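Taking it in order: structure first as structure tokens, then the write-up.
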Protein chains: 2
Amino acid sequence: MPLTLEDIARIAGTSRSTVSRVINGDQNVSEATRTKVMDVISKVNFQPNLAARGLAAGHTGILGLVIPMGVSAIFADPFFPLLIQGVSGQCNSRDVSVMLWLAEPEFERRTINNVLYNGLIDGVIIASMLTDDSLVDALRNKSLPFVLVGRHPTDEHIHYVDSDNRSGAYQAVLHMVRMGRKRIACINGPANMIAGMDRARGYRDALKERGISLQPELVVEADFTDPGGYAAMKQLMQYRPDAVFAASDTMAIGAVRAIHELGLRVPEDIAVVGFDDIPMASRITPSLTTVRQPISRIGAIAADTLIDLIENPSDRPQHIILPTELVIRESCGAIHPVRS
Amino acid sequence: MPLTLEDIARIAGTSRSTVSRVINGDQNVSEATRTKVMDVISKVNFQPNLAARGLAAGHTGILGLVIPMGVSAIFADPFFPLLIQGVSGQCNSRDVSVMLWLAEPEFERRTINNVLYNGLIDGVIIASMLTDDSLVDALRNKSLPFVLVGRHPTDEHIHYVDSDNRSGAYQAVLHMVRMGRKRIACINGPANMIAGMDRARGYRDALKERGISLQPELVVEADFTDPGGYAAMKQLMQYRPDAVFAASDTMAIGAVRAIHELGLRVPEDIAVVGFDDIPMASRITPSLTTVRQPISRIGAIAADTLIDLIENPSDRPQHIILPTELVIRESCGAIHPVRS
DNA sequence: CTGAAAGCGCTTACAG
DNA sequence: CTGAAAGCGCTTACAG
């Protein structure tokens, strides 16, 4: 049987209320009693029961993290692991716990709703990134604080943190234009994902700014996976691109494989630029030029934003866009590849 | 304000106790009242407060999942993501929630202990795999049910699920012996990880069975990462191996890169076999022969085992070892590579 | 600065 | 089959 406040109080020779006060850092406790109580607590290694605390106080110090599992191979991409890592790390240092839901599409309506409104979490981070997400819609009408990873396209009142997908893609494509590429293709993410929309816009903006007309056949949509990038590249080959911007490194790696299989060279025949800067990007041959986005930091900031929001519900909507960075390696042709 | 049992009871014209009974599936409720209460519950979309339920009932329907972050690049390897996926999926279908802790080494003593004994979780899955884990030691003296992912080397009373690491490594190495390789090296995982120990034993057992004496200089320890495998392979090259067994695909991929950089061929000059069968294994050139282990299923079974254990605490210790499977591709030389 | 008391929203003997 | 009541372990006005 774990000890309770009452036990601690008895041992320390005080009352349950006072013990509660020292645990919660209430100022109205004399230094003497505080010390005495602290001693007992650390001596017996006392842990207050969080369920009871949650019931009594109305908050639990737990935050939910919901990750959609819509795409089957979601964990083949390091995006979500890194995001989880960022959220978890920040929560650790802020002393809050995280409850994780990998949302299977079939469970969405039933379980997710069940789980979010069960009085156990103080707020929730949704790694949604879909342009229309039923969970987000449900949340908008409730009082549970939440922040999105990935900006919301329409509702200005929703808190979110995202990276600057448009600008990242814009820089990447502009770079290829500057390198003299004329027929720059785009392997984009799904159109119903906001990151996909934004990166496609960056691609279009860069072309437009340089007076290059958009060739619809040079833009193909894939699903952020390696096989998806591979298939998309194969499809693009008939239109003779001399460069390709892939909206994720995983797709870019698939694309490079497709190019190599057809006996062409990267970057000599086709330059390739990816997005994310996953660890693999610097290891493949040729090493991959890519747009680095601070995934783990996005997670950390989302957690911070949510915790602040819970403590201060009247906050103005937070719209945090983190900068991206173009990492130039061999695959774009700007650096002469060192071949062994 | 969310509704409470009392509200539902008033609307349905019955008592709080009865509503609680229908929610918990108690048999002692007439069909008529049950229907009436169910109707109200689904009409107002009622969710019982889990903190209150936890307090009153003594269990919460939440299970903890603790993943060590000791190795910095832990999420570069798909092992943990797949494990999380397996645990989460099974928990979803068993209607229990999961609370996730990525345990930073510095937090271990303070946070982890805090968190495990807070009355909020019914049991915990530890993806420990260290031969000596302070968390596991702490748990052994407590009453919180737990199951390990990765077998415990000494304590027979601990529940665990693991894959057959020894046998997997044994099969892999035996295969290379059969292919005529004479100087088979081993890039092993850290010696303080049980999986590392077991795979090293499989390697030794296969050599011994075939009467090949173990050459200590052909065995090197790395850290399960790609750069680790790369560095280990570079180091091994001076001893002229004609084959190498790497204890993870991620290390095997690093090793292949090292071999290629030195101008040698896989598998002609050096055969390579990995472990895990991560998605990347089938995509690299040459495709990687490897030992497939059912990571996601291990997670699912760990969750199942824990949930059963919570419901029936008197269960005998469960020691579940899942079989592995040798997946033969190009890198071992058994299949003639198709080069483009 | 401190303690007695009410209350958070459930579950579960207990009595009928 | 049903309801009134006690209790789970906390927090937090309230009174002193």
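These values consider heavy atoms only, across backbone and side chains, with no hydrogens, waters or symmetry-generated copies. Here is how names work: the chains are called A, B, and so on, in the same order as the sequence lines, proteins then strands, and each is numbered from 1. Quick caveat, the model's predicted, so the values are computed rather than measured.
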Practice problem: Please work out if Asn49(A) contacts a base, only the sugar-phosphate, or nothing of the nucleic acid, heavy-atom cut-off 4.0 Å. | Solution: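 If one applies the 4.0 Å heavy-atom cut-off, Asn49(A) turns out to touch the sugar-phosphate alone, with no base involved.
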Practice problem: Supply the atom-to-atom distance Met38(A) CE to Thr33(A) OG1, rounded to the nearest 0.5 angstrom. | Solution: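 Those atoms lie 11.0 Å apart.
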Quiz prompt | Which residue lies more 5' along DNA chain D, comparing Ala56(B) with Thr33(B) via nearest heavy atoms | solution =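 Final value for this comparison: Thr33(B).
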Quiz item: Where each residue is assigned the nucleotide of DNA chain D containing its nearest heavy atom, which of Ala57(B) and Arg34(B) is assigned the position nearer the 5′ end?
Solution: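 Looking at DNA chain D, the more 5' nearest nucleotide goes with Arg34(B).
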Exercise. May I ask you to list the residues of residues 10-21 of chain A, by number, that have any heavy atom positioned under 4.0 Å from an atom of DNA chain C?
Key: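 By residue number: Thr14(A), Ser15(A), Arg16(A), Ser17(A), Thr18(A), Arg21(A).
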Quiz item: So where does chain A start and stop touching DNA chain C, 5' to 3', when the test is distance under 4.0 Å to a non-hydrogen atom?
Solution: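 Nucleotide range in contact with chain A: dC1(C) to dG9(C).
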Those residues that, when tested against [X], pass side-chain hydrogen bond (donor to acceptor under 3.5 Å, both in side chains) (two or more places apart):
X: Asp155(B); value: Arg140(B)
X: Ser97(B); value: none
X: Asn28(B); value: none
X: Thr305(B); value: none

Practice problem: State plainly whether the residues Arg34(B) and Asp26(B) are in salt-bridge range, i.e. N to O under 4.0 Å. | Solution: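 Between Asp26(B) and Arg34(B) there is no salt bridge, as every charged N stays at least 4.0 Å from the carboxylate O atoms.
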Exercise. List for me each residue that meets ring-ring contact (aromatic ring centres under 6.0 Å, His included) alongside Phe146(A), sequence neighbours excluded, and say none if there are none.
Key: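 In terms of ring-ring contact (aromatic ring centres under 6.0 Å, His included), with neighbours along the sequence ignored, Phe146(A) is linked to no residue.
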Quiz item: For atom P, what is the distance between dC10(C) and dC14(C), given to the nearest Å?
Solution: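 The answer is 24 Å between these two P atoms.
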Quiz item: If you measure from the P atom in dA13(C) to the same atom in dG9(C), how many Å do you get, rounded?
Solution: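 So the two P atoms sit 23 Å from each other.
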Sequence neighbours left out, what passes salt bridge (charged side-chain N to carboxylate O under 4.0 Å, His left out) with [X]? Give chain and number order.
X: Arg10(B); answer: Asp7(B)
X: Asp39(A); answer: none
X: Arg16(A); answer: Glu6(A)

Quiz item: Which stems does DNA chain C form, counting runs of 3 or more consecutive Watson-Crick or G-U wobble pairs with both distances under 3.5 Å?
Solution: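 If one scans DNA chain C for consecutive Watson-Crick or G-U pairs, the stems found are C:1-3 with D:14-16, C:5-12 with D:5-12, C:14-16 with D:1-3.
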Could you list the donor-acceptor pairs under 3.5 angstrom formed by side chains in residues 49-60 of chain B, with sequence neighbours left out?
| residue | atom | partner | partner atom | Å |
| --- | --- | --- | --- | --- |
| Asn49(B) | OD1 | Ala51(B) | N | 2.8 |
| Asn49(B) | OD1 | Ala52(B) | N | 2.8 |
| Arg53(B) | NH1 | Asn24(B) | OD1 | 2.8 |
| Thr60(B) | OG1 | Ile62(B) | N | 3.2 |
| Thr60(B) | OG1 | Leu120(B) | O | 2.8 |
| Thr60(B) | OG1 | Asp122(B) | OD1 | 3.2 |

